[in-house]
Amino acid sequence: MAGNSSYTIVEYFGGDDGYRCGYCKNEKGNFSHGMWSHTMTVQDYQDLIDRGWRRSGKYVYKPIMSKTCCPQYTIRCHALKFQPSKSHKKILKKMSKFISQGELPKGQDDGEPMDSVGVDAGPREPNQVCHPDLKCVAIANVEKEIAERPAVTEARRDVADATPTSSDTPRTDPGSTPHGRTMAPKPGMGVDPNRPPCRKAKEMRKERRHQKEQMREHHDGVSSIVTPTSPPPTQTNQPKTLEDFIKETLPDSSSHCLEVRLVPVSFEEPRFTSTYQQSAELYARYQMAIHGDDPDECSESQFRRFLCDSPLEAEGSPDGPDMGYGSFHQQYWLDGRIVAVGVIDILPTCVSSVYLYYHPDFASLSLGSYSALREIAFTRQLQKQSPKLSYYYLGFYIHSCPKMRYKGQYRPSDLLCPETYAWVPIERCLPHLENSRYARFNQDPDAGDSRLLRDVGKALVLYRRTVMPYAAYSRKRKGSSDETEVQQYAGLVGQDCAERILLYRA
């Protein structure tokens, strides 16, 4: 252990006080456990969000589900199995019409409000609780009780999630019999299925253009990171993929030019610093117009703290995506200016959506839903480079707030059971949520938390620049009165994370 770059360092705050709820507006009904993360590995954050945690800047919080007014359930979409619904196709076609013809649709947004994640979760101000030198401090010593740092465990995933979707398997011709014999149609019953289907000239032109693009990309050896790559031309009886629909929103000849750029969140990255001011101004404009914030509530410092200061350390991996893991801004450039920014975290098994803000003039384009569809396509693209990265996390699903139920429209999706931390298909969860705001989704009475805290003495702490198990710390600090707090913290993060994450002790 040469240094602290491979450690997560946090300060825990408990969760006794209630805060204002941003969903039902209850002034003291929002309860959550929280901790300030000075630095965090992507694997630790992956494991934490799989236990119901979520970050707002460097503040990481976990709603107290049985106590908070609006329970917030972690939701994930199976990106590889996703098929756009009719409403999603409508949004993509609306964008296509705008790009090609240049006319904004009349009326307002379809109403997919982006949750102000963490703004009302009760985060403490950094200058009140954290020690800025912690991230840079050199860990002076590691107690001998720690023979070797535990290996990072991969987040659990179902093997079934890697199986092909129904759209990947051959479809039976509607005109075929169960035994494979084709029947001649009866008079007045439609076209002869034995004949090849007719194809429109427009469709054939698209296919030829697509083939030319593929040949050109293959010749150049270069492809855009965030431009969805379409699969080979499909037969006409197969449904269009998400990539097909997105490709149609980017026609060759159009009135507008839309480009999506992926930029690492780092003040050492020129692409980030050169667009920082423009992005901050867009955020302020969005917050005031869409969420009704006062100017001081969406200042440049608030923007930086909320959406630019990330605890995640940029990491690379031989089997990971080309751009590595960490926090990124997906910038939507329209005719040379930024009109929307999607803040995302790329983690070992998922792309996690953090926030989206956009120019209010383009609200009628349903940019919240459009960006989610683009991020699902982006996840599918990353999965080709990193096979285990196959999920798209949409943050929290809040059934008790009707405006926040739109996240459940990205199917197939799962909700996280708040007691066993097992993923359960949303279709099985909704009946329980109709009866009660809080519900245990895993109906196996014998099922429990597989990462339940077993030994708080093995939890790692950082004390006087020295890493040690809590048991050793307790012996050094005779009469220490923090065991209840450490026990609560370690129970919330689970045994595995407690043995990896460093809990700061003053």
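The figures here come from the full heavy-atom set of this structure, side chains too, leaving out hydrogens, waters and symmetry mates. Just so you know, these numbers come straight off a predicted model, no measurement behind them.
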Peer 1: Using 30° and 60° as the class limits, which term best fits the ring planes of Tyr276 and Phe303: parallel, tilted or perpendicular?
Peer 2: tilted

Peer 1: Is it the case that Ser279 and Tyr357 place a side-chain donor and acceptor less than 3.5 Å from each other?
Peer 2: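 Looking only at side-chain atoms, Tyr357 and Ser279 do form a donor-acceptor pair, the distance falling under 3.5 Å.
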
Peer 1: When you check the side-chain N and O atoms of Glu483 and Tyr470, is any donor under 3.5 Å from an acceptor?
Peer 2: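 No, Tyr470 and Glu483 have no side-chain donor paired with an acceptor closer than 3.5 Å.
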
Peer 1: Just checking Tyr61 against His33, ring centres under 6.0 Å apart?
Peer 2: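 Tyr61 vs His33: aromatic centres not under 6.0 Å.
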
Peer 1: For a ring pair (Phe, Tyr, Trp, His ring centres under 6.0 Å) with Trp423, tell me which candidate from Tyr73, Tyr393, Phe441 qualifies.
Peer 2: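 Answer to the ring pair (Phe, Tyr, Trp, His ring centres under 6.0 Å) test with Trp423 among Tyr73, Tyr393, Phe441: Tyr393.
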
Peer 1: Give the C-alpha distance, both sets of side-chain angles, the deciding distance and a yes or no for salt bridge (charged side-chain N to carboxylate O under 4.0 Å, His left out) between Asp17 and Lys28.
Peer 2: CA-CA 8 Å; Asp17 299 327; Lys28 293 290 183 179; over 6 Å; no

Peer 1: Give a yes or no answer on whether the side chain of Glu313 reaches the backbone of Gly326 with a donor-acceptor pair at less than 3.5 Å.
Peer 2: no

Peer 1: Just how far is it from atom OH of Tyr286 to atom OH of Tyr355, taken to the nearest 0.5 Å?
Peer 2: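 If we round to the nearest 0.5 Å, Tyr286:OH and Tyr355:OH are 4.5 Å apart.
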
Peer 1: From the options Tyr370, Phe82, Tyr406, select the one residue that forms a ring pair (Phe, Tyr, Trp, His ring centres under 6.0 Å) with His88.
Peer 2: Phe82

Peer 1: So which pairs with a foot in residues 434-443 pass salt bridge (charged side-chain N to carboxylate O under 4.0 Å, His left out), sequence neighbours left out?
Peer 2: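 Every pair satisfying salt bridge (charged side-chain N to carboxylate O under 4.0 Å, His left out) with a residue in residues 434-443: Glu419-Arg440.
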
Peer 1: For Asp309, is there an ion pair with Lys58 - N to carboxylate O distance below 4.0 angstrom?
Peer 2: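 Salt bridge between Lys58 and Asp309, a charged N being under 4.0 Å from a carboxylate O: no.
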
Peer 1: Quick one: do Asp449 and Arg51 make a salt bridge, cutoff under 4.0 Å?
Peer 2: yes

Peer 1: After noting the C-alpha distance and the side-chain angles of Ser390 and Gln383, does the key distance pass the side-chain hydrogen bond (donor to acceptor under 3.5 Å, both in side chains) rule?
Peer 2: CA-CA 6 Å; Ser390 59; Gln383 193 274 338; 6.0 Å; no

Peer 1: Would Arg76 count as a cation-pi partner of Tyr397, with NZ or CZ less than 6.0 Å from the six-membered ring centre and within 45° of the ring normal?
Peer 2: no

Peer 1: Between Gln302 (side chain) and Glu297 (backbone), is there a donor-acceptor pair under 3.5 Å?
Peer 2: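 No, because the side chain of Gln302 does not come within donor-acceptor range (under 3.5 Å) of the backbone of Glu297.
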
Peer 1: Indicate yes or no: at least one non-hydrogen side-chain atom of Leu462 is less than 4.5 angstrom from one of Arg505.
Peer 2: no

Peer 1: Is the backbone of Pro270 close enough, under 3.5 Å, to the side chain of Thr273 for a donor and an acceptor to pair up by distance?
Peer 2: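 Yes.
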
Peer 1: Checking Thr8 against Asp44 for the side-chain hydrogen bond (donor to acceptor under 3.5 Å, both in side chains) test, could you report, in this order, the C-alpha distance in whole Å, the side-chain angles of both residues, the deciding distance, and whether it holds?
Peer 2: CA-CA 7 Å; Thr8 293; Asp44 285 339; 2.7 Å; yes

Peer 1: Could you tell me whether the side chains of Tyr59 and Arg55 share a donor-acceptor contact shorter than 3.5 Å?
Peer 2: no

Peer 1: For Thr349 and Gln46: C-alpha separation, side-chain torsions, deciding distance, then whether side-chain hydrogen bond (donor to acceptor under 3.5 Å, both in side chains) applies.
Peer 2: CA-CA 8 Å; Thr349 65; Gln46 177 73 70; 2.9 Å; yes

Peer 1: List the atom of Tyr325, the atom of Ser386, and the distance in Å for their closest heavy-atom pair.
Peer 2: OH-OG, 3.9 Å

Peer 1: Taking it one step at a time, do Asp345 and Val354 satisfy side chain to side chain contact (heavy atoms under 4.5 Å, CB included)?
Peer 2: CA-CA 7 Å; Asp345 293 329; Val354 178; 3.5 Å; yes

Peer 1: Between Arg305 and Glu300, is there a side-chain N and carboxylate O pair less than 4.0 Å apart?
Peer 2: no

Peer 1: Please state whether the rings of Tyr463 and Tyr473 are parallel, tilted or perpendicular, taking 30° and 60° as the class boundaries.
Peer 2: perpendicular

Peer 1: Report yes if the side chains of Arg20 and Asn26 come closer than 4.5 Å at any heavy-atom pair, otherwise no.
Peer 2: no

Peer 1: Keeping Gln495 on the side-chain end and Arg454 on the backbone end, is there a donor-acceptor pair under 3.5 Å?
Peer 2: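 Yes, the answer is positive, given that a donor and an acceptor are paired below the 3.5 Å cut-off.
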
Peer 1: Is a donor on one side and an acceptor on the other found under 3.5 Å between the side chain of Thr68 and the backbone of Pro71?
Peer 2: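 Looks like no, no N/O pair under 3.5 Å.
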
Peer 1: If you measure only the distance, is there a donor-acceptor pair under 3.5 Å linking the side chains of Thr275 and Gln331?
Peer 2: yes

Peer 1: Identify the two heavy atoms, one from Gly408 and one from Ile426, that lie closest to each other, and give their separation to 0.1 Å.
Peer 2: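 Distance-wise, the nearest heavy atoms are CA-CD1, 3.8 Å.
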
Peer 1: Who are the salt bridge (charged side-chain N to carboxylate O under 4.0 Å, His left out) partners of Asp455, not counting sequence neighbours?
Peer 2: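 Residues passing salt bridge (charged side-chain N to carboxylate O under 4.0 Å, His left out) with Asp455: none at all.
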
Peer 1: Looking only at atom types and distance, does a side-chain atom of Arg451 sit under 3.5 Å from a main-chain N or O of Gly494, one as donor and one as acceptor?
Peer 2: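 No: the side chain of Arg451 does not pair with the backbone of Gly494.
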
Peer 1: Do the ring centers of Tyr392 and Tyr410 come within less than 6.0 Å of each other?
Peer 2: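 When the ring centroids of Tyr392 and Tyr410 are compared, they turn out to be at least 6.0 Å apart.
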
Peer 1: So, does Glu375 use its side chain to make a donor-acceptor pair with the main chain of Val351 at under 3.5 Å?
Peer 2: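 Here the side-chain-to-backbone pair does not exist.
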
Peer 1: What are the two closest non-hydrogen atoms of Val456 and Ala490, and how far apart are they?
Peer 2: CG2-CB, 4.3 Å

Peer 1: Quick check against the 3.5 Å criterion: does Ser369 have a side-chain atom that pairs as donor or acceptor with the backbone of Ser366?
Peer 2: no

